[in-house]
Amino acid sequence: MKKIIGYFKDSYNELVHKVSWPTRIELSNSAVVVLFASIIIALVVFAVDFVFEHAMRFVYDNI
């Protein structure tokens, strides 16, 4: 039981004193970067799907 209590004390100590938490501004900036990256990736996937769909229609309509 002492090992479990020691583990939780050490974990708490590390979270409070050793971890550097990001500021609200850093979190906001990271969220904006993730949002734009997600939109760009979605647009790329849409474009590839659109081109592939039309290429397959061209191929199969001419058979």
Side-chain angles (χ1 to χ4, degrees):
M1 191 68 171
K2 287 184 179 181
K3 287 184 178 182
I4 295 173
I5 292 172
Y7 171 77
F8 283 112
K9 284 182 180 179
D10 290 341
S11 297
Y12 175 78
N13 186 31
E14 186 170 343
L15 284 172
V16 172
H17 300 293
K18 295 181 181 178
V19 173
S20 63
W21 297 98
T23 64
R24 183 177 288 273
I25 294 172
E26 290 172 337
L27 285 176
S28 297
N29 290 341
S30 296
V32 169
V33 168
V34 169
L35 177 68
F36 282 123
S38 299
I39 290 172
I40 290 170
I41 290 170
L43 290 173
V44 168
V45 169
F46 173 77
V48 169
D49 181 56
F50 183 79
V51 169
F52 188 71
E53 177 186 359
H54 286 290
M56 290 297 105
R57 284 188 183 181
F58 177 76
V59 169
Y60 286 116
D61 286 344
N62 290 332
I63 291 179

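Just so it is clear, the values below take in all heavy atoms, side chains as well, and ignore hydrogens, waters and symmetry mates. Everything numeric here is computed off the predicted structure, so don't read it as measured data.
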Q: Would you mind listing every salt bridge (charged side-chain N to carboxylate O under 4.0 Å, His left out) that reaches into residues 41-53, with sequence neighbours excluded?
A: Glu53-Arg57
**Q.** Residue pair Leu15 / Trp21, side-chain heavy-atom distance below 4.5 Å
**A.** yes
Q: Determine whether the aromatic ring centres of Phe58 and His54 lie less than 6.0 Å apart.
A: no
Q | Inter-residue atom distance Ser30.OG - Leu35.CG, 0.5 Å rounding | A | 12.5 Å
Q | Single-linkage hydrophobic cluster Tyr12~Ile4, side-chain heavy atoms < 4.5 angstrom | A | no
Q.
Can you confirm whether more than 12 heavy atoms, excluding those of Ile25, are under 6.0 Å from its CD1 atom?
A. no
